[in-house]
Amino acid sequence: MSDKETKEQSEFDIGTALDSDAVLILDIDGFEGPLDVLLALARTQKVDLKQISILELVQQFLKFVADAKVQKLEKAADYLVMAAWLAYLKSRLLLPEENSEEEFSAEEMAARLTYQLQRLSAIRDSSARLMSRNQLRRDVFARGMPEPVIVTKNAVFELSLYDLLRVYADHKTRNAIADIRIHKRDVYTLDQALERLKGMIGLAVDWTDLYQFLPDSNMADNMKRSVKASLFTASLEMARSGKAEIVQKQAFGPLFIRKTDRKD
Amino acid sequence: METIEHTRIIEALLFASDKPLSSIALADCLPEEVKIESLLRNLQEHYEKRGVNLVEIAGKWMFQTAPDLAFLLRKEVEEDKRLSRAAVETLAIISYHQPVTRAEIEEIRGVSLSKGILDVLMEAVWVRPMGRRRTPGRPMTYGTTENFLVHFGLNSIKDLPGLSELKAAGFLANVNTSRLNLLGDDKPIEEQPELPGSAGE
Amino acid sequence: METIEHTRIIEALLFASDKPLSSIALADCLPEEVKIESLLRNLQEHYEKRGVNLVEIAGKWMFQTAPDLAFLLRKEVEEDKRLSRAAVETLAIISYHQPVTRAEIEEIRGVSLSKGILDVLMEAVWVRPMGRRRTPGRPMTYGTTENFLVHFGLNSIKDLPGLSELKAAGFLANVNTSRLNLLGDDKPIEEQPELPGSAGE
């Protein structure tokens, strides 16, 4: 923060420089913006801020801007904005006030600027007064070895054995449900039946009993049922797609199937 | 006899703490009928001329070394942590104008507020957000903390140095953030602070 | 008059110091001719019957709360805390499956274990680390403490009802306990617990 201090220092240097009407060598880095510069310039008028000459202030600021290095100012557009505004204010102040429809008269604008400068100046004085107060750990000190109130927190956790077991049992119950496995049943799938039927139907010369296509006979009963059902469904599927014909001569009688290879 | 005992208790509690204690907190350790305020005043008187003083800060009570002995105790370490001028000014604006928005701080200082400044002030726990203003954009407002009062030895915000002068001069009137605009605007309505526990207002 | 000023300085220095100060250290801040020892004795006498005493410990001086008021600084707060369901379930799993690793708890519960849960159970002194498992990664295993047994009125962890007992007691309705052979698992080999003090096993 030492550079801040030199900034503060430079403020006074500028003051004296302006006062002696010497050539201005200003560095905008030394300021915190146009208002800061304006305040520094206003103070050089060595009068109460209420009586500063706005016109003189404008001149000083425009000179400051003109003298400051161009590239530096380009980085700080607000200086140029302020310069433009002040130039406008200056022209308004110098020209006789027209019966203008402008919002504010030049005097009002000047008064506003004066107010802003006064306010900034006042808050700076206040901040200096605030910082010069006795500050804790700088000027006044609290007990160096505080004896803190030792709050012994006897955390009493409420939990009964019942609750513990209840939760465990609930967890187990939930888990048991999640653990139920539906065993994969042995089935002869439709896909298997279709494949078998397609493969074998070509081998058969003519109408063949569907049950001739049953795979090997050493099967569990429920598997046999599954195979029959799937073969039957597969035969219907083949008939539907025109790959086979099926015939049943009587109710519950044998189903005959043959390949449709005729070119209709 | 009882009074002596109660005073000893208050003395012990305040001496043991490095933070200010409210009379309510002290009351917790004392019988109900005890008139704490009067005991505190007596204690304050007893310590008035000693090396350690009992001070009323942020509406609470605390023992502190006597300010006139600062020259003996002043620690240079704190100097390293000095705030930048911008930060000090910002802190002053926040303390005198609170609740105040970022735009208003910028308007008063005439420059935009660089990012680090509010951070530093909040890190020091001197500044806190105080809720949003009921104006377009609902900007966040800032104010000071109890820690700020304690650090600067203030009993309340009303004790800020020069507050009445600033007020009388009209410098604490509403900050008009539409630049260089002379129209006085209506006092904006603040929403309730979003954080509980307000510094003395 | 001078004596009063020197006493004030000693008082402030001792108050603000973060460690006991020797009379030599105090002498650094006072004029050479000051008889520090006698000032310290006077100060000690002044504080003798107050809430704070000046005490000499190992040749150094410090302020301290009067011993008879020490009780003020110790506040016992009984806090009733409720465990979350997740915490109770975790505790149950640890008690039935101990020693059990974090990963195993997660597997059994089917959800990952949030960090706070084990902390709470250890804060309640119901669960403790039980050493690392001799498997890759050497994960820490957890088990219950003696305090756990005391709290739940159990003589040993074996007193926890088994699953069939739970079912008999109506805890496990509609569950085929024969499929829940979780208690009969072979226990992996544990290293010696790294922490002393064993839960009742």
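Reminder, nothing fancy here: chain letters follow the sequence lines and each chain counts from 1. Computed over heavy atoms, backbone and side chain alike; hydrogens, waters and symmetry mates excluded.
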If every non-hydrogen atom of [X] is compared with every non-hydrogen atom of [Y], which pair is closest and at what distance?
| X | Y | answer |
| --- | --- | --- |
| B/D18 | A/A142 | O-CB, 3.6 Å |
| A/Q118 | B/F171 | CB-CZ, 3.4 Å |
| A/L120 | B/I108 | CD1-O, 3.5 Å |
| A/S127 | B/V88 | CB-CG1, 3.7 Å |
| B/A70 | A/D139 | CB-O, 3.2 Å |

Drop me the distance from A/E32's CD to B/S84's OG, to the nearest 0.5 angstrom.
->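 So the CD of A/E32 and the OG of B/S84 are separated by 7.0 Å.
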
Do [X] and [Y] touch side chain to side chain, with heavy atoms closer than 4.5 Å?
| X | Y | result |
| --- | --- | --- |
| A/M131 | B/L83 | yes |
| A/R119 | B/L166 | no |
| A/V140 | B/H151 | no |
| B/S17 | A/R143 | no |

For the pair A/R112 and B/E107, find out whether any cationic side-chain nitrogen is under 4.0 Å from an anionic carboxylate oxygen.
->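 Salt bridge between A/R112 and B/E107, a charged N being under 4.0 Å from a carboxylate O: yes.
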
Salt-bridge test for B/R85 and A/D36: reply yes if a basic N is under 4.0 Å from a carboxylate O, no otherwise.
->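 Salt bridge present between B/R85 and A/D36.
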
For atom CG of A/L94, is the number of surrounding heavy atoms from other residues, nucleotides or ligands below 6.0 Å larger than 12?
->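 Enclosed.
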
Do other residues, nucleotides or ligands put more than 12 heavy atoms under 6.0 Å from the CD atom of B/E33?
->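 Atom CD in B/E33 is crowded, with more than 12 foreign heavy atoms closer than 6.0 Å.
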
Part of B/F15 within contact of chain A (heavy atom distance under 4.5 Å) |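 Both parts, backbone and side chain.
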
